[in-house]
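All remarks here apply to the structure that follows.
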Amino acid sequence: MTVTGYLRDKILYINLSGEMDEYTAQEARAKCDRLIEENANAKKVVINLSEVAFMDSTGIGFLIGRYKKASRLAVPLYIENPNFAADKILNLSGIYSLIPKAE
């Protein structure tokens with residue numbers, strides 16, 4: 001799992017690439033948390049999932065954890081561009097009621 005991020009117009013964009021499972025989640029968590037903490041003044045965080053090839057239930061836990069991290073800093077979190085399979089898992093989990101899709 002590759003995690004990259006950049007700040008543009010006070011919006012923190014985090015791009016995930018690769019597979020999200022129990023073996024890759026720990027490092028991705030640490031990198032995302034560091035990006036969120038370093039950009040605590042952002043007006044929102046957008047996590048782009050367009051390059052995530054595989055996601056299991058670990059991915060849901062990962063997203064909820066980043067939601068909690070951003071919420072503690074009073075920064076809203078959004079999900080962007082999940083592929084069909086990830087979108088199906090996220091819909092079934094009900095996560096969009098907590099973390100909306102970015103428009």
Side-chain angles (χ1 to χ4, degrees):
M1 171 67 51
T2 303
V3 177
T4 58
Y6 62 94
L7 188 67
R8 185 177 67 208
D9 299 327
K10 294 201 63 120
I11 299 172
L12 174 61
Y13 294 92
I14 298 175
N15 298 307
L16 304 180
S17 178
E19 297 186 356
M20 174 62 72
D21 57 27
E22 65 180 282
Y23 301 106
T24 61
Q26 183 174 353
E27 185 176 342
R29 275 186 203 106
K31 288 179 180 179
C32 281
D33 284 352
R34 187 170 52 252
L35 284 167
I36 292 169
E37 289 168 3
E38 289 172 354
N39 295 281
N41 63 338
K43 64 181 181 182
K44 68 179 173 179
V45 176
V46 177
I47 297 181
N48 187 320
L49 301 177
S50 64
E51 296 181 20
V52 175
F54 171 80
M55 179 189 301
D56 61 12
S57 60
T58 305
I60 295 167
F62 168 85
L63 290 169
I64 291 171
R66 304 313 48 84
Y67 167 79
K68 289 179 179 179
K69 176 70 140 180
S71 292
R72 284 191 292 274
L73 298 170
V75 179
L77 182 75
Y78 297 88
I79 296 171
E80 181 176 62
N81 297 325
N83 67 27
F84 178 79
D87 190 49
K88 188 174 180 178
I89 290 170
L90 296 172
N91 267 319
L92 288 171
S93 73
I95 201 165
Y96 291 131
S97 64
L98 189 62
I99 308 169
K101 283 187 184 179
E103 297 297 323

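As the structure is a computational prediction, the values presented were derived from the model and not from experiment.
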Review point. Which residue pairs pass the ring pair (Phe, Tyr, Trp, His ring centres under 6.0 Å) test with at least one member in residues 23-56, sequence neighbours excluded?
Key: none

Check your understanding: Would you say Asn81 and Leu49 make side-chain contact, with heavy atoms under 4.5 Å?
Key -> no

Check your understanding: Does any N or O in the side chain of Asp21 come within less than 3.5 Å of the main-chain N or O of Thr58, such that one atom is a donor and the other an acceptor?
Key -> no

Point to revise | Nearest atoms (heavy-atom pairs only) where Phe62 meets Leu16 | key: CE2-CD1, 3.7 Å

Exercise for review: Could you tell me the separation between the CE atom of Met20 and the CZ atom of Arg29, rounded to the nearest 0.5 Å?
Suggested key: 8.0 Å

Practice item. Taking the side chain as every heavy atom from C-beta outward, state whether Pro82 and Ile89 have any atom pair closer than 4.5 Å. Key: no

Check your understanding: Looking at CD1 of Ile14 and CG of Asn48, how far apart are the two atoms once the value is rounded to the nearest 0.5 Å?
Key -> 10.5 Å

Practice item. Kindly give the heavy-atom pair with the smallest separation between Ile36 and Lys69, and that separation in Å. Key: CG2-CG, 4.0 Å

**Study point:** Nearest-0.5 Å distance that lies between atom OH in Tyr96 and atom CG in Asn91
**Key:** 5.5 Å

**Study point:** Nearest heavy atoms of Lys101 and Tyr78, plus distance in Å
**Key:** O-CD2, 4.1 Å

Point to revise | Expected output: side-chain Asp9 to main-chain Ile11 donor-acceptor under 3.5 Å | key: no

Check your understanding: Atom OG in Ser93, atom CD1 in Ile99: separation rounded to 0.5 Å?
Key -> 8.5 Å

Check your understanding: Does CD belonging to Glu37 count more than 12 external heavy atoms closer than 6.0 Å?
Key -> yes

Exercise for review: Check the pair Ile79, Tyr67 against side-chain contact (heavy atoms from CB on, under 4.5 Å), reporting the backbone distance first and the verdict last.
Suggested key: CA-CA 10 Å; Ile79 296 171; Tyr67 167 79; over 6 Å; no

Practice item. Flag yes if more than 12 heavy atoms outside Lys88 fall under 6.0 Å of its NZ atom; otherwise flag no. Key: no

Practice item. Heavy atoms only: give me the nearest Glu51-Ser17 pair and the separation to one decimal. Key: OE1-OG, 3.2 Å

Check your understanding: When you look at Glu27 and Val3, which way does the side-chain contact (heavy atoms from CB on, under 4.5 Å) test go after all the steps?
Key -> CA-CA 9 Å; Glu27 185 176 342; Val3 177; over 6 Å; no

Point to revise | Distance, nearest 0.5 Å, that separates NZ of Lys68 from CG of Leu63 | key: 12.5 Å

Check your understanding: In terms of hydrophobic clustering (I, L, V, M, F, W, Y; side-chain heavy atoms under 4.5 Å; direct or indirect links), are Leu77 and Leu98 co-clustered?
Key -> yes

Side-chain atoms of residues 39-46: list all donor-acceptor pairs with protein atoms under 3.5 Å, sequence neighbours left out, distances to 0.1 Å.
| residue | atom | partner | partner atom | Å |
| --- | --- | --- | --- | --- |
| Asn39 | ND2 | Leu35 | O | 2.8 |

Check your understanding: Does the side chain of Met55 reach to within under 4.5 Å of the side chain of Asn83, using non-hydrogen atoms?
Key -> no

